Amino acid sequence: MSLGVRPEDFELTSGALSSFDVTCDSGRTKTCAFCPQCGSRIYHQTGNNMSIKAGTLKDTSGLKPDAHYWTRSKQPWITIPADALQFEDDG
């Protein structure tokens with residue numbers, strides 16, 4: 001699960017990240033930031049769009065998805081509410 005945030009709202013509270021760039025199918029460059037000790041992805045950033053890997057947050061109790069992206073490749077056991085905003089790709 002990823003959480004879309006504005007880059008200016010992201011704050012790394014400890015440590016330092018490593019990163020690498022990949023070229024997306026669209027031709028855009030995506031920066032992938034990760035913990036250099038354990039390898040866990042922390043965020044992806046493409047231009048002014050950033051997505052934090054929600055599983056890396058200390059407290060996710062206040063999070064509620066308002067849209068679901070890349071639904072064409074979701075796992076069959078994932079249930080998306082019928083009234084939820086859905087996109088087959090990145091919208």
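Below, each value reflects all heavy atoms present in this structure, side chains not excepted, and no hydrogens, waters or symmetry copies. Keep in mind it's a predicted model, so treat the numbers as computed, not measured.
Remark: the backbone N or O of Phe10 is not paired with any side-chain donor or acceptor of Glu8 at under 3.5 angstrom.
Closest heavy-atom contact between Pro7 and Asn48: CD-O, 3.4 Å. Taking all atoms of both residues into account, the shortest heavy-atom contact from Ile80 to His68 is CG2-CD2, 3.6 Å. The two residues Gln86 and Thr71 make their nearest non-hydrogen contact at OE1-CG2, 4.0 Å. The shortest heavy-atom contact between Ile42 and Cys35 is CG1-N, 4.0 Å.
Counting heavy atoms from C-beta on, the side chains of Ser40 and Lys53 never come closer than 4.5 Å. Between Ser2 and His44 the shortest side-chain heavy-atom distance does not fall below 4.5 Å. Phe87 is not listed as a side-chain neighbour of Trp70, based on a closest heavy-atom distance of 4.5 Å or more. At least one side-chain heavy atom of Leu17 sits under 4.5 Å from a side-chain heavy atom of Tyr43.
Note: the hydrophobic cluster containing Leu57 does not contain Phe34 (ILVMFWY, side chain heavy atoms under 4.5 Å, direct or indirect links). Leu63 and Tyr69 sit in two unconnected hydrophobic clusters of ILVMFWY residues. Membership requires side-chain heavy atoms under 4.5 Å apart, directly or through other members. In the hydrophobic clustering of this structure, Leu12 groups with Met50; members are Ile, Leu, Val, Met, Phe, Trp, Tyr whose side-chain heavy atoms approach within less than 4.5 Å, directly or through other members.
For the atom pair CD1 of Ile52 and CZ of Arg41, the computed distance is 15.0 Å after rounding to the nearest 0.5 Å. If you take SG on Cys32 and CD on Gln45, they are separated by 10.5 Å, rounding to the nearest 0.5 Å.
A donor and an acceptor atom, one from each side chain of Thr29 and Asp21, are nowhere located under 3.5 Å apart.
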